[in-house]
Amino acid sequence: MKALKIFVPIILLSLTMYCCSTVPITGRSQLSLISASEINALSFQQYDEFLKQNKLSTDAEKTNMVKRIGLNIKSAVETYFAQHNLSKELQGYAWEFNLVESPEVNAWCMPGGKVVVYTGILPVTQNETGLAVVMGHEIAHAIAQHGGERMSQGLLQQLGGVALSVALQNEPETTQNLFMTAYGLGSTIGVILPYSRTHESEADRLGLIFMAMAGYDPNAAVDFWTRMSQSKGSASPPEFLSTHPSDKTRIADLKKHMPEALKYYRN
Ligand SMILES: [Zn+2]
C-alpha cells in the first residue's frame, strides 16, 4: 500500500513533466513520454538491424527513384519547419531512404527519418508521383510523432509509464515489441496495430503538403488510395492496409485537404 502511495504520485509527476507535445501544422496536443534522443537511438539501432536482415534492391533505377523522392520530401519538410521556426525539432535526424527486395506491399518511416520502401508496393504506386504519396504519408507519420505517441501509450499501459531507458533495461523484449508495433513493423512479431483515424487523417494532410512542396502533384493521392483500397478484398490484402486502413472516409478527407495542399504545389 505504501509503495502504491509513492508510485502513483511519481507517475503523475512524470506525466506532467513530459506529458504533451504539439503536432506541427495541425496543432493537436499528444501524449509524449519519450525524448527524441532516446527514441532516435533505438530507432537507428532497429533500422540497421532490419537492413542487416533484409536484402536491398539491386535495381539501380528504382533505388535512385526512392532516394530522389526521399531527398525532395526531406528538403520540403526542412523548408516547412524553417518557415515556422521549428527547425530545432529536426535536430538529430539522420535521414535514409532504402528500397528493400520483398513481395510485401509495404513502406514505413522510423523516427529520425529512417525510411524503407518494399519493392512489393511499386506495382501499386505505379510511378514516381504515386510513390511520393506513400513516402510523404509515412514521413508525415514520423514527423507528427504518431509512433512515439503509440509507444508512450504502450509504455503507460504495459509498463506503468516508466522511462524508455528503464523499460529497455528491465524489459528489453517487451520494449522492443512495443517499438515494432508502434512504428508499423508489428507484422514481423505478429502484432498489427492499425493507426487511428486521427493519425491517418493527420498523416494524409501533412503528407499532401510535403509532397506538394517537393514538387509532386498531390491529386495523385486520391488515385493511389483508391487503387490500394480496391485490393482490400483480395486473397492476401496488402500489409500496408493493415496499418493504414483505407475507406471512403479517407478519400473524402483527402479531397477536403486538397485545396490547402495545392497552394504549396507550384508546377
Ligand atoms: Zn498511415
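Indexing begins at 1, ligand by ligand and atom by atom, following the structure's order.
Among heteroatoms of the N, O or S kind in His137, NE2 lies nearest the Zn ion (ligand 1). Of all N, O or S atoms in His141, the one lying closest to the Zn ion (ligand 1) is NE2. As for Glu200, its N/O/S atom nearest the Zn ion (ligand 1) is the one called OE2.
Geometrically, Arg150 engages Tyr195 in a cation-pi contact defined by less than 6.0 Å to the ring centre and at most 45° from the axis.
Just one residue in the list Leu86, Ile139, Asn72 forms a side chain to side chain contact (heavy atoms under 4.5 Å, CB included) with Val77, and that residue is Ile139.
Residue side and main chain included, His244 places an N/O/S atom under 2.8 Å of the Zn ion (ligand 1).
Ion pair Arg250/Asp247 not flagged as a salt bridge, since none of the NZ, NE, NH1 or NH2 atoms sits closer than 4.0 Å to an Asp/Glu carboxylate oxygen.
Heavy-atom neighbours of Lys62 NZ from other residues, nucleotides or ligands within 6.0 Å: at or below the threshold of 12.
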